[in-house]
Undergrad: 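The structure is given below, and queries will be raised subsequently.
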Amino acid sequence: MTTEDFNNSLAAADVSPLWNVMANLVTETPRPAARPHLWRYADMRPLLVAAGEAITAEQAERRVLILENPGIPGGHRTTDSLYAGLQLVLPGEVAPAHRHTQSAMRFVFESEGAWTAVDGDKVVMHPFDLVLTPNWRWHEHGGEGAPAIWLDGLDIPIISHFSAGFAEREGNAPAPDSVPPGISAARWGSNLKPIHPVGVKSDHPLFHYPFAQWRQALTAHAGASDPDTHCGHVMEFVNPVTGGAVMSTLSAFAHHLPAGMKTRPYRQSAGAVFTLVEGSATLTIDGTAYALEPRDVIAVPSWAALEIHAGSEPAVLFSYSDRTCHEKLGLWREQRD
Ligand code: GTQ
């Protein structure tokens, strides 16, 4: 058989030779398709305002601009495995209830009374609050007071990889205040938990991590210890039931760097999305420097070398990543230069 005949016969039989692609399939280190990329809030906000004129939240179901990684054109991904979007809800609007197997987190950029209800428990969102909608929990969003904008972090590419997407719209969603507002925080957010069943899903029971609380904890922690040389001070948002990651597929972190601190280059297998909360910070990713203003969003792909340089004020950042997936699958690695 000639080489050409051989190749044609393989293709006709729906097989291919591993030896031509081995080095690309089994790489020595991760080769993400995603590239480091910065989305400036100053550029994004006017586009969101225009989206607010183009379509209602009701018509859109969710009025979101997806942060598309330029290394994965049309992929609706921000890193290889993470989705990020910016969502706008105007006063008086409701983004209708639905539930899906994708897990979502919201990191609030602007809000003066907007709310999210999770299985009927309605929480009012304040800037830099973290709000979770774990998988298969009913959720809807409502606008109040002023336009609300938040960063949506979802595991859409992960769920799509496993072809495990299910969703329901409207249907039997509980009304937004069908349970006493804040009941979940009272039951699971006070270093207490009910010991008898309470008739609600309680595997991820806490879904509101207010800025006022986490900022205070981070400040106290940072004041009481030395920062890690490669990461600064980092605290993980945890599920109070397990002490582990906030959701089954997504991890979330608060970072604090003292004024002027520059971290050493740090790689980890988990890809991440970062945003700046306070101060100013320059993120250098694989040698390219990106200066961040508050609410700018940046993609840090798997195994990229990350250095963070705080400006003249302490820098506070928020990030989320697929680290908990890596850990559960025995894949997580880090490298400290
Ligand atoms: O708010 O429920 O950015 O379902 C993408 C999918 C937000 C949401 C997104 C969603 C939502």
Side-chain angles (χ1 to χ4, degrees), residues 21 23-41 43-44 47 64-87 102-107 150-165 230-231 234 245 247-253 255 263 265-276 281-293 295-308 317-329 331-335 337:
V21 292
N24 291 330
L25 293 187
V26 182
T27 59
E28 273 154 38
T29 53
R31 282 197 211 159
R35 298 203 282 257
H37 192 76
L38 174 63
W39 291 265
R40 293 189 183 284
Y41 195 60
D43 298 332
M44 295 299 113
L47 298 175
V64 176
L65 297 179
I66 304 172
L67 305 186
E68 297 278 354
N69 192 289
I72 315 172
H76 313 316
R77 298 160 190 237
T78 311
T79 69
D80 289 68
S81 61
L82 300 172
Y83 163 108
L86 292 171
Q87 181 160 178
Q102 291 84 1
S103 295
M105 63 174 83
R106 334 278 166 193
F107 190 70
W150 59 80
L151 174 67
D152 278 326
L154 284 91
D155 58 4
I156 289 174
I158 299 171
I159 302 310
S160 146
H161 179 73
F162 289 113
S163 205
H230 290 70
C231 302
V234 188
M247 292 185 289
S248 51
T249 48
L250 298 173
S251 305
F253 305 93
H255 309 249
T263 60
Y266 178 77
R267 296 176 196 270
Q268 62 170 312
S269 55
V273 174
F274 277 73
T275 186
L276 182 69
T282 300
L283 270 62
T284 302
I285 309 176
D286 287 335
T288 302
Y290 301 86
L292 266 65
E293 298 290 325
R295 301 178 184 79
D296 290 352
V297 180
I298 188 161
V300 183
S302 168
W303 213 243
L306 173 64
E307 297 157 78
I308 308 178
L317 300 104
F318 168 82
S319 74
Y320 66 95
S321 82
D322 54 5
R323 177 170 171 161
T324 188
C325 294
H326 289 237
E327 289 176 341
K328 285 163 183 155
L329 298 173
L331 300 172
W332 191 75
R333 293 198 189 197
E334 62 180 347
Q335 182 179 292
D337 291 346

Undergrad: Counting C-beta onward and ignoring hydrogens, is there a side-chain heavy-atom pair between I158 and C325 closer than 4.5 Å?
TA: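 Result yes, sub-4.5 Å side-chain heavy-atom pair found.
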Undergrad: Is the backbone N or O of A299 less than 3.5 Å from a side-chain atom of T79, with the two atoms forming a donor-acceptor pair by type?
TA: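 No; judged by distance alone, with no hydrogens or angles, the pair does not exist.
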Undergrad: Taking T282 for its side chain and A289 for its backbone only, find out whether a donor-acceptor pair lies under 3.5 Å.
TA: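 Answer holds: no.
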Undergrad: Could you tell me the separation between the CH2 atom of W303 and the CD atom of Q335, rounded to the nearest 0.5 Å?
TA: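 Here the rounded value is 5.0 Å.
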Undergrad: What closest approach, in Å, do I285 and A304 show between heavy atoms, and which atom pair accounts for it?
TA: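 Taking every non-hydrogen atom into account, CG2-CB, 3.6 Å.
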Undergrad: Looking only at heavy atoms, what is the nearest atom pair of G153 and L250, with distance?
TA: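 Looks like O-CD1, 3.8 Å.
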Undergrad: With sequence neighbours excluded, tell me which residues meet side chain to side chain donor-acceptor pair (under 3.5 Å) with T249.
TA: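 Side chain to side chain donor-acceptor pair (under 3.5 Å) list for T249, sorted by chain: D155.
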Undergrad: Tell me, please, which residues at least two apart from R40 pass salt bridge (charged side-chain N to carboxylate O under 4.0 Å, His left out).
TA: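 Here the qualifying residues are D296.
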Undergrad: Do L306 and Q268 make a side-chain contact, defined as non-hydrogen atoms from C-beta onward lying under 4.5 Å apart?
TA: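 No, side chains not in contact.
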Undergrad: List the steps and the verdict of side-chain contact (heavy atoms from CB on, under 4.5 Å) for L283 and L317.
TA: CA-CA 11 Å; L283 270 62; L317 300 104; 4.1 Å; yes
Undergrad: Who passes salt bridge (charged side-chain N to carboxylate O under 4.0 Å, His left out) against E68, sequence neighbours left out?
TA: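 Here no residue qualifies.
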Undergrad: In chain order, what residues pass the side chain to side chain donor-acceptor pair (under 3.5 Å) check against D152, with sequence neighbours excluded?
TA: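 Side chain to side chain donor-acceptor pair (under 3.5 Å) check on D152 returns Q87, R106, W150.
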Undergrad: side-chain contact (heavy atoms from CB on, under 4.5 Å) with L86: which of L151, I66, V64?
TA: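 One option only clears the test, and that one is L151.
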Undergrad: Identify all side-chain donor-acceptor contacts of residues 32-39 below 3.5 Å with residues at least two apart in sequence or on another chain.
TA:
from: R35; atom 1: NH2; to: P70; atom 2: O; distance (Å): 3.4

Undergrad: Using modelled atom types and a 3.5 Å cut-off, is there a donor and acceptor pairing between side-chain atoms of D322 and backbone atoms of G271?
TA: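 Yes; judged by distance alone, with no hydrogens or angles, the pair exists.
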Undergrad: Residues two or more places apart in sequence or in another chain: which of them pass ring pair (Phe, Tyr, Trp, His ring centres under 6.0 Å) with H230?
TA: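 H230 satisfies ring pair (Phe, Tyr, Trp, His ring centres under 6.0 Å) with no other residue.
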Undergrad: Count the heavy atoms belonging to other residues, nucleotides or ligands that lie under 6.0 Å from CD of E293, then report whether that count exceeds 12.
TA: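 Atom CD in E293 is not packed in, count stays at 12 or less.
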Undergrad: Could you check whether the rings of F318 and F107 sit parallel, tilted or perpendicular, using 30° and 60° as the cut-offs?
TA: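 Correct class here is parallel.
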Undergrad: Evaluate the side-chain proximity of H255 to F274: yes if any heavy-atom separation is below 4.5 Å, no if none is.
TA: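 Answer yes - side chains close enough.
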